[in-house]
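Convention: sequence-line order gives letters A, B, ...; per-chain numbering from 1.
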Amino acid sequence: MTAAEIVEKLSANFYQKVGEWHEMKASPYMTRMGSYMDVTDASFIRDICLFLRDEPDLVFNNLMLLSSLDNGDKTFSVVYHLESMTLKHIFALKVTVPEANPIVPSVVSVWNHANWQEREAWDMMGIQFQGHPDLRRILLDEDYPGFPLRKDFKTPEFFRGMKVPY
Amino acid sequence: MPEILERRVISDSTLPIPAKVVSAEVVEPRRLKTEEMILNIGPQHPSTHGVLRLEAILDGEMVVDCVPHLGYLHRCFEKHTEAMTYPQVIPYVDRMDYLAAMNSDHGYALAVERLLGIQVGEKVEFIRILFAELSRIASHLVAVGTYGLDIGAFTPFLFCFRDRETILEMFEKTCGARLLYNYMWVGGLSHDLHPDVLGMCKEFVKVNRATHKEVNNLLTFNKIFVERTANIGVLKPEVAINGGATGPMLRGSGVKWDLRRDDPYSIYDRFEFEIAVGTGMMGQVGDCFDRHWVRMLEWEQSLNIIEQILEKWPHNDTTDVQAAVPKRIKPPVGEIYSRTENPRGELGFYIVSKDGINPWRCKVRSPAFVNLSLLSVISRGYLVADLIAILGSIDIVLGEVDR
Amino acid sequence: MGLLDKLDKPFDSGNILITGVDTLFNWARLSSLWQMGFGLACCAIEMMAASASHYDMMRFGVIPRPSPRQSDIMIISGTVTLKMASRIKILFEQMPDPKYIISMGSCSNCGGPYWEHGYHVLKGVDRVIPVDVYVPGCPPRPEALLEGLMKLQEKVRAQSLARV
């Protein structure tokens, strides 16, 4: 199925919950691999993902990547890149949440791959995933101050008695 | 097999909590159990392929659960990409997967070229593919050699490193570095191919085929090795796909998925090669032996590809390798997810550019990170020594896992 | 090989060697510096290549041992992160005296390429443990590591038993 057909199907099934389709026009590869669809209602992301995985002519059985993004204007985004290994099509979704309340439902029950990716998004960006079985920091120490990949992060001077800056 | 126990949760109360929390997650603390023992296979261990900490919960000698703890080599790659310009990121990409640095360079350079929409010349493509396949062989040599070392076989390690020295010599003649190259630039290469390399390559293919046979006889079909790796760590194909596994881990479970065939990039569509899958030759489909066997077959297929590259080489092409390198790399506003086939799996780069000379965000999909997340799933019910065998068959590189 | 010549006439010259205690102990120590197998990152691959047959570190008496309690030197090869620093300190304290540290590579010397924006990188392992020899490079060639080893051997040759 082409991206346009998938967009139509999603808009039909999830009427107000999905937003526009942003198409990257700079090059054909970017159109195929960079375009994404906005999800306006963040609490429906798990249902949308279940639909994408289980529908017989969509079959998105592979979550390629789940990334967190700091948009710079006090909002965070979570981007899902999906792929169907059986039907060979590619799709992407983007959810945006405000910085004051960054909570997104977890999609661990849909793809197990999301388990560690969401833990990393929590670790680096501070986005909380509701329904995650084990949301704790994965790369940094539990008592590390702050979330490093936010744009307003300042490197701590001392951490456990060690001087951090050069 | 015993039931799965509740996971213990370290409380996050010292972390900054956002102002409004819609619903709190309530998890029961773990009650004190006296039947199992927690064994810490610590960050310093000869068999953990780097600094990885495994917390193995054992019932006697049997592994009930295995929790990997990462982050001991977290080197802040993604923060560096936001501060450096697009070409300056390439040395950092090298240092992530340091065993297959040419493949990682290729992946990143291709990602930025796709973002810019530029195409490199024929000669550059040929050199890139030659070095990518040589790097794939070098990485599999280390994987196979250290796997033998984990199981207890010392000699294949020495044979593999002896051949690796020839590959590193070829790289060193061309770009001056043995391990971390900064060779594949956005739009071209940093140096032209050294004139000796093609001849060395031809010789190398002959010698390496003999080593391949030798390692097969010494290690792969060795009775002790087979008994230690067959029927261990079985990964079912549905679990693998759902868990996001790629590379030899996925192909060892019987799924025929290789990005060089299914989403071809560079000039891979001009060469003929077979995709190796695990067939349960010595045990079940998807066990450790299958993953090792897939790597051995891929090594052989890479040698075939190199022979075809040498046959089809464009000897009369004398264009400059830096002809297509742009003067200023300032991509248009947009985002892209670009992927290539690393020796460990699918290496992906999600780059967001917001009209500047630095990337706004560059997230890496590292294959070793994703493959390692399946360790706790496939190691339940086996013995401690099998845990080491399973970890070796996943073939992780901690620089990539922790970034 | 003076000693071996005299072995067939054992009581003739007496098998007596005259040397200083320092020289004897230092010679014994520098010829068998057992290494703790501890590789962190990319430099660990060059350390493995140095132990492999092309460059062969074992001919200097450097055998890799898995445990810190049985080793004389620890080659810190690779980036030291804040999470790992406390573990390195524990490993250092577990090694028995006399112990020596070789800091291999730019990352453990001074933070390496991650010096500016690394929020989780320790800028040099000498912020937690005392280092004897620094080997520069990113990664240093196996020959450079062998030269660092020889510098360490010179240092051991010059040390005094009273102050080790």
Discussion item. Under a 3.5 Å threshold, yes or no: a donor from one side chain and an acceptor from the other, between Y350(B) and E335(B)?
Written reply: yes
Item to complete: Measure distances from S338(B) to the heavy atoms of chain A and classify the residue's part below 4.5 Å as side chain, backbone, both or neither.
Response: both
Discussion item. Heavy-atom pairs under 4.5 Å with chain A: which of P331(B), G71(B), P68(B), C76(B) has the most?
Written reply: G71(B)
Worksheet, complete the sentence: Okay, L115(B) and chain A: the region with an atom under 4.5 Å from a heavy atom over there is both
Discussion item. Does any backbone or side-chain atom of E238(B) lie under 4.5 Å from a heavy atom of chain A? Answer side chain, backbone, both or neither.
Written reply: neither
Practice prompt. Specify which of M85(A), Q117(A), H22(A), R53(A) makes the most heavy-atom pairs with chain B at under 4.5 Å.
Written response: M85(A)
Worksheet item: Where does L140(A) contact chain B at under 4.5 Å (heavy atoms): side chain, backbone, both or neither?
Response: side chain
Discussion item. Less than 4.0 angstrom from a charged side-chain N to a carboxylate O is my criterion; do E346(B) and R339(B) meet it?
Written reply: yes
Discussion item. For L110(B), which atoms come within 4.5 Å of any heavy atom of chain A: side chain, backbone, both, or neither?
Written reply: neither
Worksheet item: Is it the side chain or the backbone of V79(A) that comes within 4.5 Å of chain B heavy atoms, both, or neither?
Response: side chain
Practice prompt. Between chain A and each of S373(B), G334(B), P332(B), count heavy-atom pairs under 4.5 Å; write down the option with the most.
Written response: S373(B)
Practice prompt. Salt-bridge test for R361(B) and E78(B): reply yes if a basic N is under 4.0 Å from a carboxylate O, no otherwise.
Written response: yes
Item to complete: Look only at the side chain of T31(A) and the backbone of M24(A), and say whether a donor-acceptor pair between them is shorter than 3.5 Å.
Response: yes
Worksheet item: Measuring heavy-atom distances to chain B, does R150(A) have an atom under 4.5 Å in its side chain, in its backbone, in both, or in neither?
Response: backbone
Response to the item:
Under 4.5 Å to a heavy atom of chain B? For M124(A) that would be side chain
Worksheet item: Judged by atom type as modelled, is there a donor-acceptor pair below 3.5 Å linking the side chain of S253(B) to the main-chain atoms of K236(B)?
Response: no
Worksheet item: So, are R137(A) and E120(A) salt-bridged, with charged N and O less than 4.0 Å apart?
Response: no
Fill in: W116(A) ring center near F369(B) ring center (under 6.0 Å)
yes
Item to complete: Could you check which of L65(A), L69(A), N62(A), L63(A) has the highest count of heavy-atom pairs closer than 4.5 Å to chain B?
Response: L65(A)
Practice prompt. For this output row, return yes or no: ring centroids of F14(A) and F51(A) closer than 6.0 angstrom.
Written response: yes
Worksheet item: Under a 4.5 Å heavy-atom cut-off, does chain B meet the side chain of S35(A), its backbone, both or neither?
Response: neither
Worksheet item: Checking V401(B) against chain A: side chain, backbone, both or neither under 4.5 Å from a heavy atom?
Response: backbone
Worksheet entry | Selection from T246(B), I241(B), V255(B), I351(B) maximising heavy-atom pairs under 4.5 Å formed with chain A | I241(B)
Worksheet item: chain A: which of K79(B), R114(B), H74(B) shares the most heavy-atom pairs with it under 4.5 Å?
Response: R114(B)
Practice prompt. For the pair N342(B) (side chain) and R344(B) (backbone), establish whether a donor and an acceptor sit closer than 3.5 Å, ignoring hydrogens and angles.
Written response: no
Discussion item. Assess, by modelled atom type and distance only, whether the side chains of N61(A) and N242(B) contain a donor and an acceptor separated by less than 3.5 Å.
Written reply: no
Worksheet item: Are the aromatic rings of H89(A) and F60(A) close, with centres under 6.0 Å apart?
Response: yes
Discussion item. If we define contacts as heavy-atom pairs under 4.5 Å, which of V352(B), D263(B), L374(B) has the most with chain A?
Written reply: D263(B)
Worksheet item: Checking E23(A) against chain B: side chain, backbone, both or neither under 4.5 Å from a heavy atom?
Response: neither
Worksheet item: Sub-3.5 Å donor-acceptor pair from the side chain of R32(A) to the main-chain atoms of I90(A), do we have one?
Response: no
Discussion item. What part of D70(A) gets within 4.5 angstrom of chain B, counting heavy atoms only: side chain, backbone, both, or neither?
Written reply: backbone
Worksheet entry | Cationic N near anionic O, under 4.0 Å, D262(B) to K256(B) | no
Worksheet entry | Which portion of L73(B) sits near chain A, non-hydrogen atoms under 4.5 angstrom | neither
Worksheet entry | Contacting moiety of N115(A), where chain B heavy atoms sit under 4.5 Å | neither
